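Reading through the structure tokens given below for one structure.
Counting convention: from 1, in listed order, for ligands and their atoms alike. As the structure is a computational prediction, the values presented were derived from the model and not from experiment. Side chains are part of it too, since the values below use all heavy atoms of this structure and drop only hydrogens, waters and symmetry mates. The first residue of the sequence shown is numbered 1, and numbering continues consecutively from there.
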Amino acid sequence: MKGRLLTQSPPRRTGISLATRAAAVGAVALAVASLQPFTAHADSRSTRVVGGTTAAQNEFPFMVHLSMGCGGALYKKDVVLTAAHCMDRSGPNTGITVTAGVNDLTSSSAIKVKSTKVKVATGYDGTGKDWALIKLARPIDKPTLKIATTDRYNRGMFTIAGWGDTREGANTGTTKLRKATVPFVADRTCKRHYGNRLVSKEELCAGWQSGGIDTCQGDSGGPMFRKDDAGKWIQVGIVSWGDGCARTGVPGVYTEVSHFAKDIARAANAL
Ligand code: 4AZ
């Protein structure tokens with residue numbers, strides 16, 4: 001068991017929900033309040049926020065669940081991109097079971113594949129650089145999720161998905177994959193709450209000023225994504241941390257994937 005959201009506080013983080021939680025399965029908090037973005041997003045709210053709904057089967061076919069209670073996304077057919085804080089260390093690792101191909105983790109049609117190796121971001125120490133790759137024992141025949149290689153998609157509305165808690169402190173996770181929509185929050189705005197705990201070059205924030213919709217414990221490692229200009233899903237974030245879940249004025253913090261895109265590509269080729 002590992003992970004900031006699961007069992008341990010990382011060095012220098014003081015986030016409440018990161019503190020001392022027992023293992024739980026990921027999810028999306030969805031107490032739906034009156035939604036307001038931190039900055040004007042005009043009409044987006046009624047039409048795009050579907051906060052806290054169950055995802056449709058095959059809606060996010062790149063989405064995977066990890067046995068220690070984290071999420072992830074298929075970066076290659078045999079490589080999962082997740083959060084460093086969900087992993088113990090780099091090296092051989094046959095102890096992770098990756099579940100794919102289903103919304104319902106209890107489904108008998110779930111594809112389950114073991115890990116063979118883990119690569120944690122070089123220099124990861126609990127602050128920033130929260131990404132890791134898992135090599136799988138065999139490829140999974142599902143679509144991969146491409147990652148953002150420039151910052152052009154670090155804006156707008158994002159989809160979050162996971163099997164984590166549906167409210168802060170629940171510690172249960174969910175059996176069925178849930179999804180929600182959250183708007184980008186600028187670093188400067190995010191720092192109103194987090195101050196210099198936010199590593200702004202390496203992290204990006206998302207959430208509604210009014211709270212109510214967010215990732216939560218057990219969603220860690222899962223992707224935050226949006227459509228690119230061609231209408232294809234593209235990953236912009238990795239669920240990383242936050243102070244609690246879905247609190248008013250407290251965005252979720254995500255690894256800024258575009259900042260690490262080259263490192264991730266290199267590491268995947270070397271896995
Ligand atoms: C966690 O503990 C966690 N609200 C994940 C995301 C957020 C907070 C906590 C963001 O895994």
Side-chain angles (χ1 to χ4, degrees), residues 1-33 35 38 51-52 63 65-73 82-87 126-128 130-132 158-174 177-185 189-194 197-199 202-225 236-257:
M1 210 55 76
K2 56 228 71 197
R4 177 189 296 161
L5 40 158
L6 299 175
T7 53
Q8 64 209 48
S9 303
R12 287 182 278 167
R13 293 283 191 226
T14 53
I16 290 164
S17 79
L18 321 176
T20 46
R21 298 295 190 67
V25 200
V28 177
L30 39 130
V32 179
L35 301 171
F38 282 78
M63 193 76 209
H65 178 267
L66 309 181
S67 51
M68 84 293 294
C70 279
T82 186
H85 81 262
C86 292
M87 302 290 114
T127 302
D130 194 7
W131 65 267
F158 304 131
T159 299
I160 48 179
W163 289 272
D165 288 346
T166 55
R167 62 175 175 81
E168 182 179 333
N171 269 333
T172 56
T174 58
L177 182 64
R178 300 182 73 82
K179 63 170 183 179
T181 303
V182 284
F184 169 79
V185 174
T189 309
C190 197
K191 285 189 169 197
R192 281 183 211 155
H193 176 77
Y194 290 113
R197 288 191 291 149
L198 182 72
V199 185
E202 303 184 0
E203 296 173 328
L204 95 169
C205 303
W208 300 91
Q209 157 62 29
S210 42
I213 295 183
D214 196 4
T215 43
C216 199
Q217 182 186 359
D219 291 319
S220 275
M224 178 167 78
F225 47 98
V236 298
I238 299 168
V239 180
S240 183
W241 65 284
D243 283 343
C245 307
R247 298 181 187 178
T248 303
V250 183
V253 184
Y254 298 80
T255 308
E256 191 166 314
V257 165

Ignoring hydrogens, what is the shortest heavy-atom contact between [X] and [Y]? Give both atom names and the distance.
X	Y	answer
Met68	Met87	CE-CE, 3.6 Å
His193	Asp243	NE2-OD2, 2.7 Å
Leu204	Gly237	CD2-CA, 4.3 Å
Gly128	Val199	N-CG2, 4.1 Å
Gly52	Ala180	N-CB, 3.7 Å

Please identify which atoms of ligand 1 are closer than 4.0 Å to at least one heavy atom of [X].
X	result
Trp241	7 (C), 8 (C), 10 (C)
Val239	5 (C), 6 (C)
Ser220	1 (C), 5 (C), 11 (O)
Asp214	4 (N), 10 (C)
Gly218	11 (O)

Exercise. Any non-hydrogen atom of Gly244 lying under 4.0 Å from ligand 1?
Worked result: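 In this structure, Gly244 qualifies as a contact of ligand 1 - some heavy atom is under 4.0 Å.
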
Problem set entry | Cys216 and ligand 1 - part of the residue with a heavy-atom distance under 4.0 Å |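 Backbone only; the side chain of Cys216 stays clear of ligand 1.
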
For this session: Could you pull out, from Thr215, Ile160, Asp243, the option with a heavy atom nearest to atom 10 (C) of ligand 1?
Result: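 Nearest option to atom 10 (C) of ligand 1, by heavy atoms: Thr215.
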
Exercise. Partners of Phe158 by ring pair (Phe, Tyr, Trp, His ring centres under 6.0 Å), sequence neighbours excluded?
Worked result: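 Partners of Phe158 by the ring pair (Phe, Tyr, Trp, His ring centres under 6.0 Å) criterion come out as none, since no residue qualifies.
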
